[in-house]
Amino acid sequence: MTIQPVMEYNFNEIEKKWQQYWIDNKTYKVTIDPDKPKFYVLDMFPYPSGAGLHVGHPLGYIASDIYSRYKRLNGFNVLHPMGYDAYGLPAEQYAIQTGQHPAVTTENNIARYREQMDKIGFSYDWSREVKTCDADYYQWTQWAFIKMFEHYYDDDAKKAMPIAMLIEHFEKNGTDGMNAAQTEKLNFSAHEWKGKTEKEQQEILLNYRLAYLADTMVNWCPALGTVLANDEVKDGFSERGGHPVEQKRMRQWLLRVSAYAERLLNGLETIDWSDSLKEIQRYWIGRSEGAEMVFPVKDSEVEMKIFTTRADTVFGVTFMVLAPESELVQQVTRPNHQKEVADYLEQTKKRTERERQAEVKKVTGVFTGAYAINPLSKVEIPIWISDYVLAGYGTGAIMAVPAHDSRDFAFARTFNLPIPQVVVPKGEEPADTSAWSDSIDSKEGTMINSGFLDGLSVPEAIEKTKKHVAEKGIGQVKVNFRLRDAIFSRQRYWGEPFPVFYKEGMPYMLKADELPLQLPEVDKYLPTEKGEPPLARAKGWQTQEGYPLEVNTMPGFAGSSAYYLRYMDPQNKQELVSSEANQYWQDVDLYIGGTEHATGHLVYSRFWNKVLFDLGKVCKDEPFKKLVNQGMIQGRSNFVYRVKGSNQFVSLNLKDQYETMEIHVDVNMVHNDQLDIEAFRAWNPEYKDAEFILEDGKYFCGWAVEKMSKSMFNVVNPDTIVEQYGADTLRLYEMFLGPLEQSKPWDTNGIDGVHKFLRKVWRLFINKEGHLSISDEKASPEELKVLHRTIKKTADDVERFSFNTAVSSFMICVNDLNDLKCNKREILEPLLVLLAPFAPHVTEELWQRLGNTQSICDAQWPVFNAEHLVESSILYPVSFNGKMRFKLELPAGLSKAEIEKAALQNEQSLKWIEGQQVKKVIVVPGKIINIVVG
RNA sequence: GCCCGGAUGGUGGAAUUGGUAGACACGCAGGACUUAAAAUCCUGUGGCCAUUGCGGCCGUGCGGGUUCAAUUCCCGCUCCGGGUACCA
């Protein structure tokens, strides 16, 4: 590194100085101030991993920091906090391997994260820091869980209600007239309810509570020794670690997220998130409107209830299919088919989730020997069992329409079932289905072979069938959701303990004054010999009365579901957040984070918030008003080319002359794709005596975009950049790299450009001797135009999160001021304010040198004055047939006709018109002139 | 398979409502300053043709279309990235 002369821009010294100043003066501490409008800017808080921050993490933090500072300069009281999602699997895995307490490693990692963040100059109010593993914080996670246990969802009121009201209802009317979200449909009278034991009653109530215990099929990950939520599983493997996941039946805590499906869906209409993110959530929630229809089973009392979105195709049904797990399987199977069915069930049970995923195309199934009766056509149709029907969706049973559903089609072909066509696409004739290789689309077309529906269009037929079915009492219109309840138990140590104890095997909640229930110490972070979770190892893990405490812990998303509320009032000992603080800060105005949380955190926290909203604890139904996704920073790897069988390395453009091997090199010893040969020799003893075949005395490396990871040697640390170029350069460069939302590789090739820019800024103020050289002369119209153009552009760009173009506009401005040799205070002082959100350190320094005694954070955003941009003349591009040919300077304010006349009379136009006729002239005043000839 | 994004010079990218394609920056080439280097500054830089000046033609993944005018709108395709996957 070169040594900076004193008078030059010395970023190391400046940044240290101002970071200390901000701490000493509590510059970023924020309190409730009713005289100012609030603005809440939030980053998704990080999980503090052992690897520290790499250069990709701060991308969103820098963007949100710029926005926060910008809002503050515009007079807002800005809440901009940060904390840590401190519970998680990696710390626990590390603890299992090393025996070190996860609290210790987590604390170390947090310290490292903090140190790295501090070097970048963020404007976080650290006095509001939240760590999810602090008892002071997780007390409120436990509290919220108790509230969920104590409430159920009323489908009529469309909100959460106290469970006491449900009990009251049961005592008066039983289940009659009650409309609550539930796991299983129950029917009992008030008399029956009163006749039950407490244990039985408690079991029944679990069917309704928002937090409940139930036997369910869970995603069990043997390698991690725990269950996982749906969003933690990708393609049959755990998202963290990539271990296989299988289905297993277990008694677990769940959150009744599905009760809020409709509200979670509708809420999306009211918030400003990207369309793609909303689309992901819509799909995940998966609303579908259809009909529930009843098919009687022949020679039996049993009725099969099915769900379909295409009731109109009911005349095309040739068989029924039950999910293997369906309760009806036992009821309908005929004695002479018992063995085949039992064999099939055994066989499907053995197939893991992974195999089912991998063999989607493999069709399996078994006939039950029973027949159902089509309620419309009265035709008898066979009932089959197949694992392509899911127990968890709809009713676990379907009516199969093979001609118009590809899965039903494949099944019918495999088992030789009839395939009658019932919908004919527009402009086509009925076809011979035996010639088809797949089902045909039936979203549009005309009904055939469908009794009273014949000749109707698909939408007409759907309506008519629904009506018919409702009138005849065969079924009802029904809405189904794909969204599942969230499994909330983890068989792990490093998470929030449940505030739960057991009496006669039934769960009960601790009292509010018994919280927090602290995470106990254990001798090992492993399951017990009996296979119980690690907390079962804790000594005295029971209540004072001796009741055993829950041994599962909460999942990762528990702690992140309400942290944004805690930041509003982080030290409150009485409540999660006071109503005063909540009324003032309300909700998050801007949330920045990665799109990977689309189906996890961003669903759970919306759910959690809605529950608290229903309980009157928070004032907003939706927690995150606007959300911006930052793109991922990918790695950019560098390669050297070793000549095979030698210790010789050949530069990129000469490598084709040799037989070479591509080897990853650490990108930190490559600059602009040029290898630092000395660093390379020192990197690894193997390369100590390496020889090089150079181009023009330089060694050029090849490159590729890959994941940022240690093994590719392409991890870049923000601290390295800060040391070399300064935090202000890092901030500007990360923004300059491209649009915030776009994923892009980290590439330092352009960083010199932004660093050079900051030095140019410095020199506008400071002369070669290192003294302030500033003039109080009145600014020229030209200088004012440059400034005001930049004020407008910067504000517009920041408002629409186009930070890369904002940086460009600063560069243009500084280049222009350089050309004008401008060193006037009237111009340079406001310019500093514009730049302050992007480069807070250097602007503070120059601001102070200009004689200001207050931090630039509290300056005022300059007022834009359009008058300075008024032009007396306009340089018109003149096009012929749409092609720009020359430019014509005309006075501003001419009429269309005058502009047209001037353009046609111009000497240069004659050449382009020559020999042709002017057919038309288009004039857009202030923009363009287009002359059509031919 | 389905849904959503994207594709612009050697590179990152700009063009906000259909109106001058390539702003800004990197890299590269040449020059100034210097004993030399670094730093700094100046000039050029989409491709092809012409180069004596002017200039001309092509060009925003590919093929069509709408329009006076298309990177921008419409139709059909290719490739890349993300989400999701038996959801009836």
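Protein chains get the first letters and strands the later ones, always in sequence-line order, with residue 1 at the start of each.
Proximity of A:K744 to the phosphate of B:rG12: no side-chain N or O atom is located under 4.0 Å from OP1 or OP2. Dashed line: the shortest gap from a side-chain N or O of A:R885 to OP1 or OP2 of B:rC57 is under 4.0 Å. Taking 4.0 angstrom as the limit, A:K920 places none of its side-chain polar atoms (N or O) nearer than this to OP1 or OP2 of B:rA69. Between A:R310 and B:rA88 there is no side-chain polar atom (N or O) within less than 4.0 angstrom of OP1 or OP2. Considering only side-chain N and O atoms, A:R282 lies nowhere under 4.0 angstrom from the phosphate OP1 or OP2 of B:rC2. Between A:N930 and B:rU20, a side-chain N or O to OP1/OP2 separation shorter than 4.0 Å is absent. Regarding contacts with the backbone of B:rA88, a side-chain N or O of A:Y393 is found under 4.0 angstrom from either OP1 or OP2. Close to B:rG83, at under 4.0 Å from its OP1 or OP2, lies no side-chain N or O of A:Q281. In this structure, A:S288 reaches the B:rA88 phosphate: one of its side-chain N or O atoms is under 4.0 Å from OP1 or OP2. Note on A:K883: every side-chain N or O is 4.0 Å or more away from OP1 and OP2 of B:rG19. Taking side-chain N and O atoms only, A:N815 has no distance below 4.0 Å to OP1 or OP2 of B:rC24.
Among A:F736, A:F11, A:Y733, the single residue meeting the ring pair (Phe, Tyr, Trp, His ring centres under 6.0 Å) criterion with A:H755 is A:F11.
Comparing atom distances between the A:I922 side chain and each of B:rA15, B:rC68, B:rU84 picks out B:rC68 as nearest.
Across all strands, A:F810 comes closer than 4.0 Å to no nucleic acid atom at all (heavy-atom distances). Here A:K793 lies in heavy-atom contact (under 4.0 Å) with a base. A:I280 comes within 4.0 angstrom of the backbone, heavy atoms only, and of no base.
Atom-to-atom, CZ of A:F757 to P of B:rG13 comes out at 20 Å; the value is rounded to the nearest Å. In this structure, NZ of A:K478 is placed 14 Å from P of B:rA88, rounded to the nearest angstrom. Remark: P of B:rU16 and CD of A:E741 are 16 Å apart, rounded to the nearest angstrom. Protein atom CZ of A:F481 is 20 Å distant from nucleotide atom P of B:rU84, rounded to whole Å. Atom pair A:Q908:CD and B:rU20:C1' shows a separation of 14 Å (rounding to whole Å applied).
B:rG9 adopts a syn glycosidic conformation, its chi angle falling within 90° of 0.
B:rU72 and B:rG65: their C1' atoms are spaced 15 Å apart (whole Å).
Between A:R789 and A:D816 there is a salt bridge, since a side-chain N of the basic residue sits under 4.0 Å from a carboxylate O of the acidic one.
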